[in-house]
Amino acid sequence: MEKLIVEGGHLLKGCVNISGSKNASLPILAASLLTDKPVCIYRVPDVTDTNYMIQILSQLGASVERASGTVRISSSDGIGVSASYEQVRKMRASICLLGPLMARMRRCTLPLPGGCVIGDRPVDLHVRALQALGARVRMKDGNLVMDAPNGLVGTTVDMRGENGPTVLGTDNLMMAAVLARGTTVIESAAREPEVVDLANFLNKMGAKIEGAGSRTITIHGVGHDELRGCEHTVIPDRIETGTFMVAGAMISEGITINRVCREHVQAVADMLTDCGHTVRFAPGGDSVFVARGKAPRGGVITTSPYPGFPTDMQAQMTALFSLTPGISAVKDDIFPQRFMHCSELKRMGANIKVDNGSALINGVESLSGAPVMASDLRASAALVLAALAAEGTTEIHRLYHIDRGYELLDDKLLGLGAHVRRVQDTSSRGGEVL
Ligand code: EPZ
């Protein structure tokens, strides 16, 4: 096990390059199973989650070569239909294998992904969507067992859940519909950029998808032999971008973040500007300069589906609000339990009250370094941000949470002048609990 030791109080400066999107890469890697022709995907970040997905693809029989950010996949020798619990339990996003396996193989056995600390992670919308296309579904030994002996048939499916649209649910239905007979219309589709990136990849492969990025997506089914190999570069990681934007607002007189997509981070940019920080995009929108404001002020955030304020950024903003004069509020309507970072921030001196899916933050003059424990990917990022600005030294245990979704985070922070180092964690706090 490893921990990150952060010596706080050092102003960040310089520039950092954003990696390819983890959340775009995962469904695109899964979608490669739809065709038996080779595909090549560029700028796949080297993080634990993409590594797990690549392991599962290999287990299913695909041949996968990875050279730094480039992943070449071919499943010309056919694929299996069952993924192991050992792999799936580590990464609940493996649920996005449902669509491609049902489309190509017409059957699959997938262990139900467990919940996680940010909340119960149901899959009812995924199941309902595949059933609407004609899949038969049953549970057996903790596995989702699906089959569609006569193949899938297109129809109209409304994907809205009580907490809004589902990103991976939309992905699964879109991928399943690619090889379904007839036309599928997805109503209440997720509009996230990662859904659009998947649709672009599928269309390069020969799928016929219209409307990705809007609430209604139409997929005209094609024959398996119409799908071809293709090449695709995944979009920049908008949550990594937002995380570094918050770092600039926490403790810098200005950092430059390159390889970004302005449109994908507009909600975060607007919030930082409203809170008195400096946010300036380059004309092309692919680079942004962020600096802490001279008179920062608190804000009120309610997370919502894209293009609203992302749930994956609320923990990072809570860290910023902890050091912002005045009262701020954060409400997460997508994952109401996603506040594990608050108890650790309070160990560093933050003044936060969590109640019923909301956090009320009273900004303090300073935070103080302390040993803290990461609990999930974005909570860990919030702790790193707080540690950068805290007085003294912070030890962040259970670093594997960060390694799930942030590529070379230590190196990137060192490149910005932060004083961080990754060391072996021999304490009891380091135990891996997956
Ligand atoms: C994706 O998860 C992201 N993960 C999450 O990012 C992100 O937080 C989430 O979308 C919301 O934006 C990946 O893309 C790999 P959902 P996903 O289905 O698709 C409810 C990170 O930090 N729901 O859009 O699994 C669900 O409980 C991760 O990178 C159902 O009710 O999330 C939630 O309240 C964390 N039934 C809401 O919908 C279902 O069948 C949105 O979840 C599915 C979801």
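Indexing begins at 1, ligand by ligand and atom by atom, following the structure's order. The basis for the numbers below is simple: all heavy atoms, side chains too, and nothing from hydrogens, waters or symmetry mates.
- Q314 places a side-chain N or O within donor-acceptor distance of the main-chain N or O of R338, the cut-off being under 3.5 Å.
- Ion pairing of D312 with K22 is absent here, as no side-chain N (NZ or NE/NH1/NH2) approaches a carboxylate O to less than 4.0 Å.
- With hydrogens and angles disregarded, a donor-acceptor distance shorter than 3.5 Å links the side chain of S75 to the backbone of T35.
- Residue R238 is tested with Q266, H264, E194 for a side-chain hydrogen bond (donor to acceptor under 3.5 Å, both in side chains); the sole match is E194.
- The neighbour count for R215 CZ, taken as heavy atoms of other residues, nucleotides or ligands under 6.0 Å away, is above 12.
- A side chain to side chain contact (heavy atoms under 4.5 Å, CB included) with D171 holds for exactly one of L98, L198, L202; it is L198.
- The contact shell of ligand 1, taken as protein residues with any non-hydrogen atom closer than 4.0 angstrom, comprises K22, N23, L26, R92, A93, I118, D120, R121, P122, V123, D124, L125, H126, N163, P165, T166, V167, L168, T311, D312, I334, F335, R338, L377, R378.
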